[in-house]
Amino acid sequence: MPAQNPTYDLMLLLDTSADEDQRSKVLAEAERILETNDASVVSKHDWGVRRTAFEIRHKNDAEYHLLQFEGGPQVPAALDRYLRIADGVVRFRVIKLRGGAGNVPDLTASASEPVASEAPAEAAPAERL
């Protein structure tokens, strides 16, 4: 029985100053590369424009996209060849996921909703010594 292809994440940061057509072309070409290398797209996530953690090529923001796909070891190499020379790509990373990795967080949700770990804790009464 052949082993199942591993799952990969393609994290893609696109230049916000590039034309919308150019950004769409990069995404379409990345998906075409996946198709031609017999990879299957598991999920696509568009996280929109966000600030970067640090300045990259004199840019403080980027349009974030995450593509999860299953494919052989030739797929990351093919993506790497294209994305290194494509106009409009600020940064990209292909990551091989371990089995049982959790679901992708929904980063498009409203930031005003408190996360359970950020909820204010009940203040304990101060003890007098």
Side-chain angles (χ1 to χ4, degrees):
M1 184 165 128
Q4 182 180 356
N5 285 329
T7 303
Y8 295 92
D9 278 353
L10 167 62
M11 189 71 215
L12 187 58
L13 279 65
L14 300 177
D15 189 355
T16 56
S17 63
D19 293 337
E20 179 64 32
D21 292 339
Q22 179 63 31
R23 294 191 306 258
S24 298
K25 179 183 170 191
V26 169
L27 285 171
E29 183 64 18
E31 289 182 30
R32 188 195 66 75
I33 290 170
L34 294 175
E35 277 182 26
T36 58
N37 286 288
D38 297 324
S40 61
V41 176
V42 176
S43 64
K44 293 189 277 187
H45 303 274
D46 178 7
W47 289 340
V49 177
R50 299 180 166 274
R51 283 190 61 82
T52 55
F54 51 89
E55 190 173 283
I56 304 170
R57 297 182 190 160
H58 307 289
K59 308 248 182 253
N60 290 321
D61 62 351
E63 185 177 305
Y64 283 67
H65 295 273
L66 173 68
L67 280 97
Q68 289 187 323
F69 62 92
E70 292 178 348
Q74 76 281 3
V75 180
L79 285 170
D80 186 59
R81 272 192 303 277
Y82 171 70
L83 294 173
R84 282 189 186 275
I85 61 171
D87 290 334
V89 176
V90 175
R91 175 106 6 128
F92 70 94
R93 184 77 59 212
V94 179
I95 303 164
K96 182 178 177 181
L97 299 179
R98 284 189 273 161
N103 293 336
V104 176
D106 182 17
L107 297 182
T108 57
S110 174
S112 63
E113 298 174 10
V115 179
S117 62
E118 296 175 359
E122 297 268 335
E127 292 184 22
R128 292 195 173 220
L129 297 175

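Starting from 1, each residue takes its place in the sequence as its number. Any value given below was found using the heavy atoms of this structure, including those in side chains, with hydrogens, waters and symmetry copies removed.
The list of salt bridge (charged side-chain N to carboxylate O under 4.0 Å, His left out) pairs with a residue in residues 56-66, not counting sequence neighbours, reads D15-K59, R23-E63. Residue pairs satisfying the ring pair (Phe, Tyr, Trp, His ring centres under 6.0 Å) criterion with at least one member in residues 4-43, sequence neighbours excluded, are listed as follows: Y8-F69. Residue pairs satisfying the salt bridge (charged side-chain N to carboxylate O under 4.0 Å, His left out) criterion with at least one member in residues 69-89, sequence neighbours excluded, are listed as follows: D80-R84. Residue pairs meeting the ring pair (Phe, Tyr, Trp, His ring centres under 6.0 Å) criterion with at least one partner in residues 11-44, sequence neighbours excluded, are absent.
Residues L97 and V41 do not share a hydrophobic cluster, clusters being chains of Ile/Leu/Val/Met/Phe/Trp/Tyr side chains in contact below 4.5 Å. L13 and I33 are members of different hydrophobic clusters when ILVMFWY side chains are connected at heavy-atom separations under 4.5 Å. Under the 4.5 Å side-chain heavy-atom criterion for grouping Ile, Leu, Val, Met, Phe, Trp and Tyr, L27 is not connected to W47 through any hydrophobic cluster.
The heavy-atom pair separating G88 from A18 by the smallest distance is CA-CB, 4.3 Å. Closest approach of V94 and P76 over heavy atoms only: CG1-CB, 3.9 Å. When all heavy atoms are compared, the tightest approach of G71 to A39 is CA-CB, 4.1 Å. Closest heavy-atom contact between V26 and A86: CG2-CB, 4.4 Å.
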From CA spacing to verdict: side chain to side chain contact (heavy atoms under 4.5 Å, CB included), L79, L34: CA-CA 8 Å; L79 285 170; L34 294 175; 4.0 Å; yes
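Contacts of Q74 classified as side chain to side chain donor-acceptor pair (under 3.5 Å), with partners at least two apart in sequence or in another chain: none. E29 meets the side chain to side chain donor-acceptor pair (under 3.5 Å) test with R32; sequence neighbours excluded.
Side-chain atoms of L83 and L10, non-hydrogen and from C-beta on, do get closer than 4.5 Å to each other.
In this structure, N5 CG and N37 CG are separated by 11.0 Å, a value rounded to the nearest 0.5 Å. In this structure, L67 CG and E31 CD are separated by 5.5 Å, a value rounded to the nearest 0.5 Å. Annotation: the span from F92 atom CZ to L14 atom CG amounts to 11.5 Å, rounded to 0.5 Å. Note: L66 CG to L12 CG = 9.5 Å, rounded to the nearest 0.5 Å. The distance from the OH atom of Y64 to the OG1 atom of T52 is 5.5 Å, given to the nearest 0.5 Å. Taking NZ from K44 and CD from Q68, the interatomic distance works out to 13.0 Å, rounded to the nearest 0.5 Å.
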